[in-house]
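Heads up, the thing below is written out as structure tokens.
Source: prediction; values computed, not measured.
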Amino acid sequence: MKAAVVREVPNGFVDIIDDWQPRALQFGEALVDVEYCGLCHTDIHCANGDFGNPNEIGTRNGQFRRVIGHEGIGRVAKLADGASDYLKVGDRVSIAWFYDACGVCDYCVSGNETFCRNVRNAGFTVDGAMAQQVVVNAKYAVKVPENLDPVEASSITCAGVTMYKALKVADTKPGQWVSVHGVGGLGNLGVQYAHNVFGAHVVAVDGTDEKLEAAKGYGAELAVNFMKTKDVAGEIQRLTGGVHNAQVAAVNPIAFNQAIDALRPMGKLVAVALPQGDMALNIAKTVLDGIQVHGSLVGTRGDLKEALQFGADGKVKPIVETIDIADLNDAIQEMLDGKIVGRKVIDFTRL
């Protein structure tokens with residue numbers, strides 16, 4: 001069967017192979033027939049070896065290269081012993097970046113399971129969903145509401161829950177101002193969750209007019225093009241008096257600095273995207289304005305369940321386009337070039 005695997009020498013792109021076979025099921029696991037899997041920028045980080053070479057991480061079980069993908073949706077095809085307590089054959093489930101964790105550490109038992117020191121991540125430390133079949137831990141595979149379009153559910157599985165959790169981390173309140181820096185695959189859902197779920201006012205920040213127009217169509221009240229605006233933070237301050245929280249979904253260190261300067265006193269910066277490098281943090285502004293800086297890492301199983309339900313309720317609608325797996329590397333290049341408004345989603349139902 002077909003799968004997208006990290007190249008022997010990681011370079012950000014993948015090889016599409018035809019003879020992939022998932023490993024044998026172990027206790028508590030399920031085999032899933034993948035229907036759809038979205039392309040996330042984190043997939044490119046993994047395929048480029050930015051977090052370490054995924055071909056050399058984790059148990060390989062006879063497979064020498066990692067399958068990417070963590071925005072997967074599919075139907076359970078087979079259950080191992082111990083899995084029927086959580087799933088049944090035919091259930092539609094997600095394959096998310098948060099694959100599983102130890103379940104017993106301080107982080108796992110306190111509702112912060114994504115920070116478990118023994119966490120496993122789909123498409124990085126274990127094989128992901130960019131294949132026709134994938135093995136999941138049945139206890140951790142969140143069920144998808146049947147009335148939610150599975151193509152749209154793929155985006156919520158990572159991009160959606162990531163932004164939903166980041167807005168929760170910021171303690172977003174109705175009527176507050178939120179800036180979303182970068183309104184591509186992550187940010188467009190951030191705008192929707194902020195406006196439609198949390199009841200916030202939203203400023204969209206991007207360098208592409210097409211993305212900004214789309215953002216205004218799904219809830220952003222204000223739009224700032226950083227390619228045409230000399231002082232992005234100053235413009236946001238002028239328009240809003242400073243935002244209560246800034247969500248950085250742009251893979252660009254400059255966006256982090258603009259976001260900090262766009263905050264009002266006691267504002268919160270939430271770092272979501274993962275560009276390489278450091279961000280500047282003015283000590284005097286941080287202290288005198290009581291600025292808070294948070295990192296937000298995807299979401300727990302509970303967060304994902306909530307995020308999917310808001311999708312099923314029509315509160316958010318991901319911008320998606322299905323493509324063939326043969327076109328995946330072209331989609332990776334488009335993402336690197338900043339040309340994708342929403343999400344490119346591999347359609348495995350046509351194979």
Under 3.5 Å, side-chain donor or acceptor atoms of residues 180-187 against the rest of the protein: list the pairs with distances, not counting sequence neighbours.
| from | atom 1 | to | atom 2 | distance (Å) |
| --- | --- | --- | --- | --- |
| H181 | NE2 | S179 | OG | 2.9 |

Would you tabulate the side-chain donor-acceptor contacts of residues 286-293 under 3.5 Å, counting partners in other chains and residues two or more places apart, or write 'none'?
| from | atom 1 | to | atom 2 | distance (Å) |
| --- | --- | --- | --- | --- |
| T286 | OG1 | N282 | O | 2.7 |
| D289 | OD2 | K285 | NZ | 3.2 |
| Q292 | OE1 | H294 | NE2 | 3.4 |

ask   = Is any side-chain heavy atom of V119 closer than 4.5 Å to a side-chain heavy atom of F98?
value = yes
Salt-bridge contact E152-K315 (side-chain N to carboxylate O under 4.0 Å) = no
query = What class does the angle between the rings of Y107 and F115 fall in, given that below 30° is parallel, 30 to 60° is tilted and above 60° is perpendicular?
reply = tilted
ask   = Which ILVMFWY residues can you reach from I254 by hopping between side chains whose heavy atoms are under 4.5 Å apart?
value = none
The criterion is ring-ring contact (aromatic ring centres under 6.0 Å, His included); which residues satisfy it with [X], sequence neighbours excluded?
| X | result |
| --- | --- |
| Y164 | Y193, F198, F310 |
| Y99 | none |
| H201 | W177 |

Side-chain donor-acceptor pairs of residues 324-332 under 3.5 Å, sequence neighbours excluded:
| from | atom 1 | to | atom 2 | distance (Å) |
| --- | --- | --- | --- | --- |
| D324 | OD1 | A326 | N | 2.8 |
| N329 | OD1 | V14 | N | 3.0 |
| N329 | ND2 | V14 | O | 2.9 |

remark   = Sorted by chain and number, sequence neighbours left out, salt bridge (Lys or Arg N to Asp or Glu O under 4.0 Å) with K143 holds for D91
note = ring pair (Phe, Tyr, Trp, His ring centres under 6.0 Å) pairs touching residues 321-351, sequence neighbours excluded, are none
message = M266: which residues meet the side-chain contact (heavy atoms from CB on, under 4.5 Å) condition with it, sequence neighbours left out?
response = none
key: Residues which pass side-chain contact (heavy atoms from CB on, under 4.5 Å) with V151, listed by chain and number, not counting sequence neighbours   = Y36, D149, V320, T322, V345
task = Before giving the answer on side-chain hydrogen bond (donor to acceptor under 3.5 Å, both in side chains), spell out for Q247 and N245 the whole-Å C-alpha distance, their side-chain angles and the decisive distance to 0.1 Å.
result = CA-CA 7 Å; Q247 303 284 330; N245 73 76; 2.9 Å; yes
query = Which pairs with one or both residues in residues 250-267 pass side chain to side chain donor-acceptor pair (under 3.5 Å), sequence neighbours excluded?
reply = H244-R264
